[in-house]
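Have a look at the structure below before the remarks.
In this chain, residues are counted from 1 in sequence order. Remember, predicted model here, so these are calculated numbers, not experimental data.
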Amino acid sequence: MADNARAKKLADLIREVIAQKLQRGIKDPRLGSHVTITDTRVTGDLREATVFYTVYGDDEERASAAAGLESAKGILRSEVGRAAGTKFTPTLTFVADALPETARTIEDLLDRARASDAQVRQASSGATYAGEADPYRKPGSGDENDENTGAAGE
């Protein structure tokens, strides 16, 4: 088993090599500049690497980018092996990162919460108190209970 530091270092190297190769070396039109490598994770035995990516575009562009990455997997793996210099080059698995969808869902929830807060703020803007504005008793206000509490304290 390799230590976590070595796996992390190899994952960082894989991410950099794949990103550079996608930017400069792959001529596949499905892998344009809209594919971004977000994260890479390597197993403890350094045999398998999971590469997370995002594609900015619609579902059709995401599907074509996934097919392009699968077809370029061999070239990318050989490039990683050349750069890493390890005995065994890890197998690459490409997974679409769910981060943009999750962020979009969170933004939608926050927008709904802001709208709900605005409705509550608008409804409470003309509201008045059910009783007095200050429900607490103050000494010397002339209430009959103030005299009883004052006598007990002396």
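Side-chain contact check for Leu92 versus Ile14: some heavy-atom pair is nearer than 4.5 Å.
When every heavy atom of Val42 is checked against every heavy atom of Ala49, the shortest pair comes out as CG2-CB, 4.1 Å.
Atom CG of residue Asp59 and atom OG of residue Ser64 lie 11.0 Å apart, to the nearest 0.5 angstrom. Note that CG of Asn4 is 12.5 Å distant from CZ of Arg6, once rounded to the nearest 0.5 Å. Residue Ile37 holds its CD1 atom at 6.0 Å from CD1 of Ile18, rounded to the nearest 0.5 Å.
Using a cutoff of 4.0 Å between basic side-chain nitrogens and carboxylate oxygens, Arg114 and Asp117 are not scored as salt-bridged.
Every pair passing side-chain hydrogen bond (donor to acceptor under 3.5 Å, both in side chains) that includes a residue from residues 9-25 is listed here, sequence neighbours excluded: Lys8-Asp12, Asp12-Arg15.
Partner of Thr36 under the side-chain contact (heavy atoms from CB on, under 4.5 Å) criterion, chosen from Phe52, Tyr53, Tyr56: Tyr56.
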Please set out all donor-acceptor pairs under 3.5 angstrom arising from side-chain atoms of residues 78-90, sequence neighbours excluded.
{"residue": "Ser78", "atom": "OG", "partner": "Gly74", "partner atom": "O", "Å": "3.4"}
{"residue": "Ser78", "atom": "OG", "partner": "Ile75", "partner atom": "O", "Å": "2.8"}
{"residue": "Glu79", "atom": "OE1", "partner": "Arg82", "partner atom": "NH1", "Å": "2.8"}
{"residue": "Thr86", "atom": "OG1", "partner": "Phe88", "partner atom": "O", "Å": "3.0"}

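Every residue two or more places apart in sequence or in another chain that forms a side chain to side chain contact (heavy atoms under 4.5 Å, CB included) with Ala72 is listed here: Ile26, Leu31, Leu76.
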